[in-house]
Amino acid sequence: MPTLVVVGAQWGDEGKGKVTDYLSAEADTVVRYQGGTNAGHTVIAGGREYRLHLVPSGIVHGKVCVLGNGVVLDPAAFLQEMDELAAQGCDVGRVVVSDNAHLILAYHKALDRSEETGRGEARIGTTLRGVGPAYRDKAARIGVRAGDLRYPDLLRRRLDGAVAAANQALGQTEFHSAALADELLALAPRLLPLLRDTAELVNQAIDRGDKVLFEGAQGTHLDIDHGTYPFVTSSHPTAGGACIGSGVGPTRIDRVVGVAKAYTTRVGDGPFPSEELGPEGDLLRERGGEYGTTTGRPRRCGWCDVPVLRHAALVNGLGGLCVTKLDTLSGLSRVRIVVAYEHEGRRLTGFPHDVDLLAQVRPVYEEVPGWSDDLSGAQRFEDLPATARAYLDRVAELVGVPVVMVGVGAERGQTLPRESMF
Ligand code: IMP
């Protein structure tokens, strides 16, 4: 199968970078279709660590890497990331950016900060990277796109309008469009050679029979439509976003796989039914090293949440689950799974869309035996202890989606595929 979408099945940080890097060995082209510098994808290969925010994780394998139209691009951060990757020995010569990708500019970051402060207790816990305000400008049709850099007069006109709106919202004349235009045009000599009609490029790759991998950022429950609104990001991490964010029709997508940790984490605010606020949560955080790659914030932790994964299976059409960080659960005498939610004594079917209700539900647990073995050296799925395999089988059964890959450590090689993905 030549096209494959990789999505986060939980609230982001599931290990999509590692899975995408692993699958990139077989792919020809890797496409990021949404999000911006709010994402933090980590790849560890050959003892080296690569931290990616915008560039697709296929870069470590030197594949054609596309930042699609659905991405919001912070130009200076992007160029810095390209330089860092080049300094680490990555071939960045095949990275291309959509003409239609919207830019994150300084005023978007200022707006993100001032709006988060203004929300007080109701804050979303954004990454403060300007992502929400940039997507808002896009929807309001006052955004600035990468392709606008080709036309300095047009760029200046667009910036005049957008900066006036931002200054008004900020209540002060903080930003000057002429200075911002000059700063952007100074970056143009590096950015313009990378710009393409990426929808055409990706469709041509599919026409040739190339293997194309679409890499989602964030996760299903941070999707602006399918997530725990308003505690979400402003884009579409779900599989449908791959079509919109790259200009590829739904008929051209062959397969969708979801990445999920063997437990659950969330960073930022919003309801999280399986969250463990006591020692079990602390244990998962410390063992799993659950601190944000982008912001360093401690992540909220809890057990595997089946209603979350079932919802992800539903809205993404998942054909398989890649379960990461199974090694984090080693050494526990028992492992818990949230199999359902209850509210006022009633067992709920489905995943509540009302965040107030979601904040009140009580998890219903099932316990399965744990395993003490160190999993980090496992080479094949069959090498896993029987209790670990039984845990994965039970999760697959409850979610209704087979486990097709398992991660047992951060290194690229600590990945156990059960079948070919393409
Ligand atoms: P924003 O995307 O910065 O606007 O943040 C909105 C919400 O999404 C906040 O709860 C963030 O913590 C969360 N978020 C954004 N990007 C990521 C990510 O890559 N991993 C995990 N959470 C994220």
Side-chain angles (χ1 to χ4, degrees), residues 6-20 32-43 51-57 70-74 77 81 102 104-105 107-119 121-139 215-238 241 245 258-261 263-272 275 285 288-302 308 312 324-325 355 358-359:
V6 173
V7 297
Q10 296 159 323
W11 276 282
D13 309 316
E14 297 95 345
K16 294 177 295 297
K18 183 193 165 189
V19 169
T20 304
R32 253 292 287 279
Y33 58 84
Q34 44 73 231
T37 36
N38 48 352
H41 292 174
T42 308
V43 174
R51 284 176 179 233
L52 305 157
H53 297 286
L54 280 164
V55 177
S57 304
V71 168
V72 279
L73 186 92
D74 180 330
E81 187 172 322
H102 279 248
I104 297 185
L105 298 170
Y107 52 87
H108 294 124
K109 290 181 256 189
L111 285 163
D112 204 352
R113 272 193 304 277
S114 101
E115 287 164 13
E116 267 295 86
T117 310
R119 288 184 191 111
E121 287 295 297
R123 69 182 178 274
I124 295 167
T126 77
T127 59
L128 304 177
R129 299 296 193 271
V131 169
Y135 278 118
R136 182 173 58 212
D137 279 2
K138 172 177 174 173
E215 178 182 19
Q218 290 85 46
T220 299
H221 299 89
L222 291 171
D223 185 285
I224 193 159
D225 276 270
H226 299 291
T228 49
Y229 190 91
F231 301 99
V232 291
T233 192
S234 301
S235 68
H236 294 292
T238 44
V259 184
K261 274 182 195 157
Y263 48 101
T264 313
T265 65
R266 177 166 199 169
V267 60
D269 294 75
F272 178 6
E275 181 170 19
R285 184 175 313 103
E290 295 297 350
Y291 295 89
T293 359
T294 299
T295 58
R297 291 181 288 180
R299 296 182 184 138
R300 302 156 67 195
C301 298
V308 159
T324 57
K325 298 188 91 164
V355 283
L358 195 60

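Just so you know, ligand 1 is whichever comes first in the structure, and atom 1 is the first atom listed for that ligand. The residues of the chain are indexed from 1 along the displayed sequence.
- A heavy-atom distance below 4.5 Å is not found between the side chains of Leu128 and Lys109.
- Of the listed residues (Leu222, Ile224, Asp269, Val131), the one carrying the non-hydrogen atom nearest atom 8 (O) of ligand 1 is Leu222.
- For the pair Asp223/Val232, no side-chain contact is recorded, criterion being any heavy-atom separation below 4.5 Å from C-beta on.
- Among all non-hydrogen protein atoms, the one lying nearest atom 21 (C) of ligand 1 is Asp13 OD2, 3.1 Å.
- Taking any N or O of Asn38, backbone or side chain, at least one lies under 3.5 Å from an N or O belonging to ligand 1.
- Between Arg136 and Leu111 the shortest side-chain heavy-atom distance falls below 4.5 Å.
- Looking only at heavy atoms of the protein, atom 7 (C) of ligand 1 is closest to Val232 O, 3.8 Å.
- Within the 3.5 Å criterion, the main-chain N or O of Gly8 finds a donor-acceptor partner in the side chain of Thr220.
- At the top of the distance list for atom 3 (O) of ligand 1, counting protein heavy atoms only, stands Thr127 OG1, 2.6 Å.
- Tested against Gln218 for a side-chain hydrogen bond (donor to acceptor under 3.5 Å, both in side chains), the candidates Asn38, Thr233, Asp13 yield a single pass: Asn38.
- If you check which protein heavy atom lies closest to atom 17 (C) of ligand 1, you get Gln218 CG, 3.5 Å.
- The nearest protein atom to atom 5 (O) of ligand 1, hydrogens excluded, is given as Thr126 CA, 3.3 Å; this is a heavy-atom distance.
- Side-chain atoms of His102 and Asp137 form no donor-acceptor pair, as typed in the model, at a separation below 3.5 Å.
- Within the 4.0 Å heavy-atom cutoff, Ala39 counts among the residues contacting ligand 1.
- Below 4.0 Å from some heavy atom of Gly125 lie the following atoms of ligand 1, by number and element: 9 (C), 10 (O), 11 (C), 12 (O).
- Interface atoms of ligand 1 facing Trp11, defined by a heavy-atom separation under 4.0 Å, are 21 (C), 22 (N).
- The pair Arg129-Asp74 does not meet the salt-bridge criterion, since no charged nitrogen lies less than 4.0 angstrom from a carboxylate oxygen.
- For ligand 1, the atoms lying closer than 4.0 Å to a non-hydrogen atom of Arg297 are 11 (C), 12 (O).
- Results of the side-chain hydrogen bond (donor to acceptor under 3.5 Å, both in side chains) test with Lys261 over Gln10, Glu14, Glu290 single out Glu290 as the only residue that passes.
- In this structure, the protein non-hydrogen atom closest to atom 2 (O) of ligand 1 is Thr233 OG1, 2.6 Å.
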